[in-house]
Amino acid sequence: PQGEGRIPAGESAVSVHGGACCDELDFGLALEDDRVSAAGFIARGCGATTAAASAAVTLVTGRPVLDAARVGAQDIAAELGGLSPGKLHAADLAAEALARALGGAIGGQTTLLAPAPGRTLVAMSGGVDSAVAALLCARQADVVAVTLELWADPDNDSERSCCSASAVAQARCLAHSLGLPHITLDLRQRFAAQVVKPFIAGYAAGETPNPCVGCNGHVRLDAMLELAGRLGCAHLATGHYARTAELDHPNGPLLRAAADSAKDQTYMLAALAPQSLAGLRFPLGELTKPQVRRLAAEAGLPVANKLDSQDLCFLAGTDRARFLARHGGIDDRPGVIVNRAGLTLGRHRGQHRFTVGQRRGLGLAGPEALYVLDKQAESNRVVVGRRSELRTRRVAVRGVRLHRSGDRVDRVKLRYRSRPLPASLSGDLAAGSHRRAELVLAEPVEGAAPGQLACLMDGERVIGWATIARR
């Protein structure tokens, strides 16, 4: 068998396992210039896995990187003259090993391919939005697809997560069905350190963090922009519903709300730096969701009617309290529920189970509904009160990032699923970073939760962002 027992030394090597025969496969390859210069494997399991890994080596050795990135399980099975249904798992395993090894090798390069005008890297999650983004880009230029594996935990439901190994495999299959090269990037360590760890710390501190904002702003998209540079791509395109504005401004472009206000995702992208935004394209920014599904159906994409993911990717199939206990050691810690005056009204299982503005789940009976007003992590107390006590016209924020002068802020979005509120930013704040500030609202808001993002806007344009702080 080609490449058996020889994994290129010092280069990208991965280990995968699975399949009906519980096979194990070590696979590695080396890159030279823009080609796969060598590949090899060590297989433990059934003979079909050895044959499939050998076929993968044959298919990619000496081939350009982007050609190798087009090789999938069907190509491997075809190279073997076809596999019986009971042996197809071997082709799947070899394709998975090849994709992981290729992604690791590409990730270790500074520059791999020369810049190509119009070549676009498209982020694909396996859902309908990213698939249509890829479809639209492929009609205009060469496209390379990329999917990130961000989280792996047996406690999760991999079928409901957009970043699990199962989701990556589905996205790869979809990209290959469109004739696109596909790259898999394993960012699990970076994601755990820069997204999950702050998420846990936020709840431990009595806040309600928004991990998607940090992931988009500092992890996922920046990693894919770096990959775009290595592959000589002019841009990175995603399936987000967003637009850009002020493209020629010396401080860089701004985010602009999508045409479909019901699907607008600028809140989740608000932490992107203008320098990152300059390299991004949003093909769906002018489309509505029904239009996107119609385009997918017309193209015969199998994901045309696929449901959108709803959970945080690392909470799919589990819940927040269970996750915090498993990964952060934040177990239930009984405490008291009090009113503003300090009178004890009841007990709770842990302050991390609540968020400011929450009404349900308090377990309190009374003549009127009570809401969470504050969480005090050190004393483990949950403060509740009437709905009117939630209302405020002033919101303290920290870690302010302004891409334009603060006097342009005329509204703010304090939650993802909420409308922008008329507001101004107090003080004379110039573009740049500011430690703290205060938002003055034209109408009261109920329950501005510390830890959540405040998206600072000028009409449809995102001027900057900050984190809601305690007063």
Side-chain angles (χ1 to χ4, degrees), residues 123 125 127 130 147-153 155-158 160-164 167-168 185-225 238-242 255 264-273 276 308-330 350-358 375 377 397-399 401 413-418 447-455 462 465-470:
S125 65
S130 60
T147 306
L148 306 181
E149 183 177 1
L150 301 176
W151 188 252
D153 185 346
D155 206 37
N156 289 104
D157 180 352
S158 61
R160 290 170 54 192
S161 173
C162 64
C163 61
S164 66
V168 171
L185 280 188
D186 185 347
L187 293 185
R188 286 176 293 177
Q189 290 186 347
R190 186 170 170 183
F191 183 81
Q194 298 183 29
V195 177
V196 174
K197 186 176 179 180
F199 173 81
I200 293 169
Y203 273 102
E207 296 193 337
T208 305
N210 195 321
C212 296
V213 171
C215 183
N216 286 325
H218 315 301
V219 180
R220 294 175 64 238
L221 296 177
D222 281 350
M224 289 189 285
L225 284 166
T238 79
H240 290 103
Y241 290 82
L255 276 170
D264 176 55
Q265 292 173 296
T266 48
Y267 180 90
M268 291 300 184
L269 299 169
L272 275 170
S276 297
D308 294 338
S309 59
Q310 301 293 329
D311 299 316
L312 294 176
C313 61
F314 54 86
L315 292 186
T318 185
D319 60 53
R320 186 178 67 217
R322 184 176 175 183
F323 182 91
L324 291 172
R326 177 177 170 85
H327 295 282
I330 303 177
Q351 61 82 20
H352 62 282
R353 290 178 170 269
F354 301 90
T355 190
V356 170
Q358 180 175 333
K375 304 191 302 177
V397 292
R398 67 174 190 266
R401 303 287 188 276
K413 196 169 185 180
L414 299 174
R415 292 175 183 263
Y416 179 40
R417 301 295 184 188
S418 69
Q452 289 283 288
L453 176 120
C455 181
V462 177
W465 63 281
T467 301
I468 299 172
R470 285 190 171 85

>> Taking salt bridge (charged side-chain N to carboxylate O under 4.0 Å, His left out) as the definition, give me every residue that meets it alongside Arg320, ordered by chain and number, with sequence neighbours left out.
In response: none
> Taking atom CG of Leu453 and atom CD1 of Ile468, what is their separation to the nearest 0.5 Å?
Replying inline: 7.5 Å
>> Looking at Gly399, is its backbone amide N or carbonyl O close enough to the side chain of Arg401 to form a donor-acceptor pair, meaning the two atoms are under 3.5 Å apart?
In response: yes
> OG of Ser276 to CG of Asp222: how many Å apart, nearest 0.5 Å?
Replying inline: 4.0 Å
>> Looking at Ile200, is its backbone amide N or carbonyl O close enough to the side chain of Lys197 to form a donor-acceptor pair, meaning the two atoms are under 3.5 Å apart?
In response: no
> Are Trp151 and Phe199 close enough that their ring centres sit under 6.0 Å apart?
Replying inline: no
> Closest approach of Gln265 and Tyr416, non-hydrogen atoms and distance?
Replying inline: CG-OH, 3.5 Å
> Val195 pairs by side chain to side chain contact (heavy atoms under 4.5 Å, CB included) with which of Cys212, Pro211, Pro209?
Replying inline: Pro211
> What distance separates Leu312 CG from Thr318 OG1, expressed to the nearest 0.5 Å?
Replying inline: 11.5 Å
>> If you compare all heavy atoms of Thr238 against all heavy atoms of Ala123, which two are closest, and at what distance to 0.1 Å?
In response: CG2-CB, 4.3 Å
> Mind checking whether Leu187 and Arg220 have side chains closer than 4.5 Å, heavy atoms only?
Replying inline: no
> So do the side chains of Asp153 and His327 get within less than 4.5 Å of each other, counting heavy atoms only?
Replying inline: yes
> Would you call Asp264 and Lys413 a side-chain contact if the rule is heavy atoms closer than 4.5 Å?
Replying inline: yes
> How far does CG of Leu148 sit from SG of Cys313, to the nearest 0.5 angstrom?
Replying inline: 10.0 Å
> Among all residues two or more places apart in sequence or in another chain, which pass the side-chain contact (heavy atoms from CB on, under 4.5 Å) test with Thr208?
Replying inline: Tyr203, Thr355, Lys375, Ala449, Gln452
>> Taking side-chain contact (heavy atoms from CB on, under 4.5 Å) as the definition, give me every residue that meets it alongside Ser130, ordered by chain and number, with sequence neighbours left out.
In response: Met124, Ser125
> Any side-chain heavy atom of Leu221 sitting closer than 4.5 Å to one from Leu269?
Replying inline: yes
> Donor-acceptor pair, Glu207 side chain versus Gly202 backbone, under 3.5 Å?
Replying inline: no
> To the nearest 0.5 Å, what is the distance between CZ (Arg190) and CG (Leu185)?
Replying inline: 9.5 Å
> Considering all heavy atoms of both residues, which atom of Ala448 and which atom of Leu414 are nearest to each other, and what is their separation?
Replying inline: CB-CD1, 4.4 Å
> For Asp186, what residues pass the side-chain contact (heavy atoms from CB on, under 4.5 Å) criterion, not counting sequence neighbours?
Replying inline: Arg100, Arg188
>> Quick one, His240 with Asn216, criterion side-chain contact (heavy atoms from CB on, under 4.5 Å). Give me CA distance, side-chain angles, the key distance, then yes/no.
In response: CA-CA 11 Å; His240 290 103; Asn216 286 325; 4.2 Å; yes
>> Applying ring pair (Phe, Tyr, Trp, His ring centres under 6.0 Å), can you list everything that pairs with Tyr267, at least two apart in sequence or on another chain?
In response: none
>> Using the rule given for side-chain contact (heavy atoms from CB on, under 4.5 Å), can you reason through Arg353 versus Leu324, listing the C-alpha separation, both sets of side-chain angles and the distance that settles it, and then say yes or no?
In response: CA-CA 10 Å; Arg353 290 178 170 269; Leu324 291 172; over 6 Å; no
>> Show the nearest heavy-atom pair for residues Pro450 and Arg470, with the distance to one decimal.
In response: CG-CG, 3.9 Å
> With sequence neighbours left out, what residues match Ala271 under side-chain contact (heavy atoms from CB on, under 4.5 Å)?
Replying inline: Val213, His218, Trp465
